[in-house]
Novice: 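This is the structure I have questions about; it appears just below.
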Amino acid sequence: MTMKRSRALIPALLAALAPHLLAEPVQVALLPAKIVPEQAATLNMENGIISHLADASGRLEAGTVIAVLNEERTAQEREELELKIAREEMRIRDELRKLENQRSKVEFFLKLSPRERRYANNMGANDMPPTEESLKDIEKRVSLLKRELESSPRLMKQDFERNHAKNTLRMPFSGRLQYHISQPKDPGQPFELLNLPGRPFASVCDDSAFYITINLSKAELTQLPEKNFSVSVELPEGKRLVGSYSHRTVEQSNSGKGDMLVYYFKVPEEDKDIAYNMLGSNAKARLVYDAGENVQYISKLELISHPEAAECENWEQLVARLYPQHHLVLIGERNIIIRPRSSN
């Protein structure tokens, strides 16, 4: 083909490459994806006798008791605590009575005249006679004992409840519960838990919302308006699980050797059950981009067939040479999106 003939064909090629109106968002990439809930938690329980096992077939509210560990032993320890508190209260009251009796004697002694004090041999002072300072010391000890009588039972009960709180497992938030143990035939009856070390007792997910998440690292994508992105996951029978952009966060990579930018796409309310059943599964999400109005696209196959493609190092150069009046918006998997410069 002569150069003259090649130049004569350029108008025809450009006509064939004329950008088409974009009828729908363009697929940008097919990426690994995860389905995640609004929040999730793993719950652990020590081995022992389990009772009051919650029914995991439905949604549970925050604070609902999931299971109780060693309830009978805890009841015995609570009774022992009450006896201990009673004995401690008796000890403090005995000390108070002795001190108050001593204070009365000292007060009586201090009211005597010097002559009368010489005959007061039953004041409880062997070597040194009572003084105003010793009376103040007694009053301080009485005050401290009264405070101890008021606070000691309360603090002992608080300490007991704090140490035994882990024996009652509760829903940390409203959502769905899943056990990771072998459940007894009769959940209403106590049973012995012999769980393997490191194995969780149950997990909870907040089902108020579910998200399709993907990791994006390409600068040409992360610089685009996030709200224009959406994703879809193919399901059996030709169905799709779609997600609209919600937010993005910087999270630690799975390898722990750096950060990654994670995009969250919210699943519609009517598809939450589908999303719940997909938790933990490996999925592929189609990332699509809606560039807005007055946007056009060109097929990559058509572009690469142009004679000038061999002279360009990348798509940007080729688009700039063939469509100088257009602005490159996005390079998709199959198409390149452009917009007239007057629309910027």
Side-chain angles (χ1 to χ4, degrees), residues 19-40 56-59 173-178 203-251 253-254 260-303 315 328-339:
H20 307 287
L21 289 175
L22 185 63
E24 60 182 14
V26 169
Q27 179 175 320
V28 176
L30 183 64
L31 301 169
K34 292 182 179 180
I35 312 299
V36 299
E38 182 69 38
Q39 57 180 327
S57 61
R59 193 172 193 270
F173 41 77
S174 299
R176 306 193 195 192
L177 170 69
Q178 182 179 5
S203 59
V204 178
C205 80
D206 181 351
D207 61 352
S208 61
F210 289 92
Y211 302 89
I212 303 170
T213 66
I214 59 171
N215 305 335
L216 281 185
S217 57
K218 292 183 178 181
E220 61 267 27
L221 296 180
T222 58
Q223 293 174 1
L224 293 171
E226 303 95 337
K227 59 182 177 59
N228 291 7
F229 284 114
S230 61
V231 294
S232 65
V233 176
E234 298 296 327
L235 301 175
E237 301 178 358
K239 297 180 179 180
R240 294 187 306 164
L241 181 66
V242 300
S244 57
Y245 177 78
S246 171
H247 61 282
R248 68 179 187 178
T249 61
V250 176
E251 301 177 6
S253 64
N254 296 329
M260 58 186 182
L261 189 59
V262 182
Y263 282 63
Y264 285 73
F265 297 86
K266 193 172 184 177
V267 173
E269 186 76 17
E270 61 270 18
D271 291 334
K272 288 201 301 185
D273 287 339
I274 297 175
Y276 175 73
N277 292 326
M278 294 180 66
L279 291 178
S281 62
N282 295 321
K284 290 285 187 179
R286 297 186 183 277
L287 178 65
V288 297
Y289 182 77
D290 185 352
E293 298 179 356
N294 199 24
V295 177
Q296 300 166 310
Y297 75 93
I298 319 164
S299 168
K300 279 185 172 181
L301 291 176
E302 293 177 353
L303 273 178
W315 294 110
L328 179 61
V329 177
L330 178 65
I331 301 174
E333 283 192 329
R334 299 184 180 90
N335 301 294
I336 290 179
I337 307 173
I338 62 174
R339 178 187 288 118

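Just so it is clear, the structure is predicted and the values come from calculations on it, not from any experiment.
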Novice: Does atom CZ (R59) have a neighbourhood of more than 12 heavy atoms from anything else shown, all under 6.0 Å?
Specialist: yes

Novice: Which donor-acceptor pairs under 3.5 Å do side chains of residues 261-277 form with protein atoms, sequence neighbours excluded?
Specialist:
| from | atom 1 | to | atom 2 | distance (Å) |
| --- | --- | --- | --- | --- |
| Y263 | OH | R248 | NH1 | 2.6 |
| Y264 | OH | E251 | OE2 | 2.5 |
| E269 | OE2 | K272 | NZ | 3.0 |
| K272 | NZ | D207 | O | 3.1 |
| D273 | OD1 | R176 | NH2 | 2.8 |
| N277 | ND2 | D273 | O | 3.2 |

Novice: With sequence neighbours left out, which residue pairs that include part of residues 211-223 fulfil the side-chain hydrogen bond (donor to acceptor under 3.5 Å, both in side chains) condition?
Specialist: E38-Y211

Novice: So how far is it from S230 OG to L287 CG, rounded to the nearest 0.5 Å?
Specialist: 7.5 Å

Novice: If you round to the nearest 0.5 Å, how far is OG of S203 from CG of L177?
Specialist: 7.5 Å

Novice: Holding to side-chain contact (heavy atoms from CB on, under 4.5 Å), I want the full list of residues that pass it with K227, two or more places apart in sequence or in another chain.
Specialist: none

Novice: Could you give the distance from CD1 (I298) to CG (L303), rounded to the nearest 0.5 Å?
Specialist: 5.0 Å

Novice: So how far is it from I212 CD1 to M278 CE, rounded to the nearest 0.5 Å?
Specialist: 7.5 Å

Novice: Are any non-hydrogen side-chain atoms of L30 and R286 less than 4.5 angstrom apart?
Specialist: yes

Novice: Just to verify, what does S244 make a side-chain hydrogen bond (donor to acceptor under 3.5 Å, both in side chains) with, not counting sequence neighbours?
Specialist: none

Novice: Please list, chain by chain and in numerical order, all residues satisfying side-chain contact (heavy atoms from CB on, under 4.5 Å) with P225, sequence neighbours excluded.
Specialist: N228, Y289

Novice: Taking atom CG of N282 and atom NZ of K34, what is their separation to the nearest 0.5 Å?
Specialist: 8.5 Å

Novice: Looking at Y245 and E226, what are the two nearest heavy atoms and their distance?
Specialist: CZ-CB, 3.1 Å

Novice: Enter the distance from E234:CD to L241:CG here, rounded to the nearest 0.5 Å.
Specialist: 10.5 Å

Novice: So which atom in A285 and which in A33 form the shortest heavy-atom distance, rounded to 0.1 Å?
Specialist: CB-CB, 3.6 Å

Novice: So, using side-chain hydrogen bond (donor to acceptor under 3.5 Å, both in side chains) as the criterion, who are the partners of Q39 when residues are at least two apart?
Specialist: D206

Novice: Got S232 and V288 here, is their nearest side-chain heavy-atom distance under 4.5 Å?
Specialist: no

Novice: Are L31 and V231 side-chain neighbours, meaning at least one heavy-atom pair lies under 4.5 Å?
Specialist: no

Novice: Can you see which heavy atom on L221 is nearest to which on V28, and at what distance?
Specialist: CD2-CG1, 3.4 Å

Novice: So which heavy atom on P32 is nearest to which on I214, and how close?
Specialist: O-CG2, 3.8 Å

